[in-house]
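Reviewing the structure listed below.
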Amino acid sequence: MPFPTVPIDLRSDTVTRPTAAMRRAMAEAEVGDDQYGEDPTVNRLEERAAELMGKEAAVFVASGTMGNLVALLAHCGRGDEAILGDESHIFWYESGGAAALGGIPFNLRPTSGLGRLDPDDVADQIRAVRPGYPRTGVVCIENTHNRCGGTVLPLDVLRELTGVARERGVPVHMDGARIFNAAAALGVPASTIAAEVDTVQFCLSKGLAAPVGSLVAGDAPFVEAARQGRKIVGGAMRQAGVIAAAGLVALEEMVDRLSEDHARARRLAEGLAEIPGVNVDLETVQTNIVIFRPPAGLDSATVIEGMATQGIRISNYGLRGLRMVTHYEIDDDAVDRALEAAASVMAPIHA
Ligand SMILES: Cc1ncc(COP(=O)(O)O)c(C=O)c1O
């Protein structure tokens, strides 16, 4: 185990700590004032991100939340509507930032269990240009889809959805916090996925294990607008090369191993499904996230507490149940131990 003193932390892939190579790169990073465009490490990271996404340009931001926010601010003027899923991270967990700061109303659409929006529904919701209707500024999609269990949008499904938006002249933004997990699951480069959307946000700080940072990529005018938005929200930095350096290592060294996390998530899900009464929808376990429901009569808080006493941390996912996420600090032994703990905590009680 690389980190023996810490419990097995399956709450999220955001708990990953920087690798030794990242810490070295951070210590040695060449830096400058990024607001003058003079931080060579940030510049390299932005260029690399644009290249990996197959886009003209990219901008480095502090978090996935900031990335989505500046993207929405770039796509929408005040009063322009964003169409997005009712299970999306942007809606659930980003403090309504686009509405609070950009005056951008959310038009929330139903999300399928596999994290998909219905293209006919989206087509229907894109407003005609008419007094009284808000302009539709953007359609947002999420890939992989967090609350739906890390599900991946197959390329044909993605194309159908972006097709309806493009036909109507509306740009599509992808919250691709975990786009590299989607790419690993589909066996394609991330740029193949990103090619289907106008703009994309992806995170370095999730399965790629960097301590901080996300990138927003798109065409040059969009990235210029996102850069302006980043300044507005106070996110323009100075010698940010010290954190960008870890991001470069993340892109270099941590992408190819994501399929290991997927295989372990699968093993976790299949093991959980064998515990009587535990409900796991195996169809949704496509990447590194496993969502499951405990047996009837056993509440989530009891399971979380029981697991914690055995050194296993998992997270509460409200009505969706409980969540476990695999990442590079979770090895095969950790999966075995998590399954043993789960089996004992959720064991059927015999009268
Ligand atoms: C799908 C998705 N989008 C965006 C974010 C936001 O990222 P951050 O926590 O860096 O703001 C997350 C974080 O977990 C996420 O899962």
Side-chain angles (χ1 to χ4, degrees), residues 9-18 45 49 53 59-73 82 84-98 100-101 106 108 111 114-117 138 140-153 158 172-185 190 193-194 197 199-217 226 229-230 233-235 237 240 243-244 246-247 250 258 261 265 284 286-291 314-318 320 323-327:
D9 199 339
L10 288 158
R11 286 173 302 165
S12 177
D13 47 10
T14 58
V15 302
T16 45
R17 289 160 295 171
L45 177 63
M53 294 298 127
V59 56
F60 184 40
V61 293
S63 65
T65 301
M66 187 184 285
N68 287 329
L69 174 59
V70 301
L72 265 68
L73 291 174
L84 68 166
D86 59 357
E87 292 293 349
S88 62
H89 195 280
I90 294 176
F91 169 59
W92 271 84
Y93 304 115
E94 300 184 9
S95 301
L101 303 179
F106 289 161
L108 294 178
T111 309
L114 292 175
R116 303 175 190 179
L117 301 181
V138 68
C140 299
I141 52 183
E142 188 173 315
N143 192 20
T144 66
H145 198 293
N146 185 340
R147 280 180 61 83
C148 291
T151 46
V152 180
L153 290 174
L158 178 56
V172 178
H173 171 69
M174 180 181 285
D175 176 356
R178 296 182 181 79
I179 193 173
F180 289 103
N181 294 85
I193 300 173
V197 295
T199 65
V200 59
Q201 177 279 120
F202 72 87
C203 294
L204 301 165
S205 59
K206 313 242 160 2
L208 302 185
V212 183
S214 294
L215 287 120
V216 185
R230 181 184 71 163
V233 299
M237 295 176 275
I243 47 176
L258 290 174
D261 297 342
T284 65
Q286 300 174 0
T287 56
N288 65 333
I289 300 179
V290 181
I291 293 176
I314 64 174
S315 55
N316 196 334
Y317 239 43
R320 296 200 155 237
R323 189 181 79 157
M324 294 186 184
V325 185
T326 54
H327 49 78

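Throughout, residue positions are numbered sequentially from 1 according to the sequence presented. In each ligand, atom 1 is the first atom listed, and ligand 1 is the first ligand listed.
- Under the rule for a salt bridge (charged side-chain N to carboxylate O under 4.0 Å, His left out), the partners of Asp13 that lie at least two apart in sequence or sit in another chain are Arg178.
- Val212 meets the side chain to side chain contact (heavy atoms under 4.5 Å, CB included) test with Ile243; sequence neighbours excluded.
- Residues satisfying the salt bridge (charged side-chain N to carboxylate O under 4.0 Å, His left out) criterion with Glu94, sequence neighbours excluded, are absent altogether.
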When you check ligand 1 against the protein, what N or O pairs turn up below 3.5 Å? List the atom names and distances, or just say none.
| from | atom 1 | to | atom 2 | distance (Å) |
| --- | --- | --- | --- | --- |
| ligand 1 | 3 (N) | Asp175 | OD1 | 3.0 |
| ligand 1 | 3 (N) | Asp175 | OD2 | 2.7 |
| ligand 1 | 7 (O) | Lys206 | NZ | 3.0 |
| ligand 1 | 10 (O) | Gly64 | N | 2.9 |
| ligand 1 | 10 (O) | Lys206 | NZ | 3.2 |
| ligand 1 | 11 (O) | Gly64 | N | 3.4 |
| ligand 1 | 11 (O) | Thr65 | N | 2.9 |
| ligand 1 | 11 (O) | Thr65 | OG1 | 2.6 |
| ligand 1 | 16 (O) | Asn146 | ND2 | 2.9 |
| ligand 1 | 16 (O) | Arg178 | NH1 | 2.8 |

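- Taking CE from Met324 and OH from Tyr317, the interatomic distance works out to 14.0 Å, rounded to the nearest 0.5 Å.
- Residues His145 and Thr151 bring no donor and acceptor atom of their side chains to less than 3.5 Å of each other.
- Between Leu158 and Val197, some side-chain heavy-atom pair lies under the 4.5 Å cut-off.
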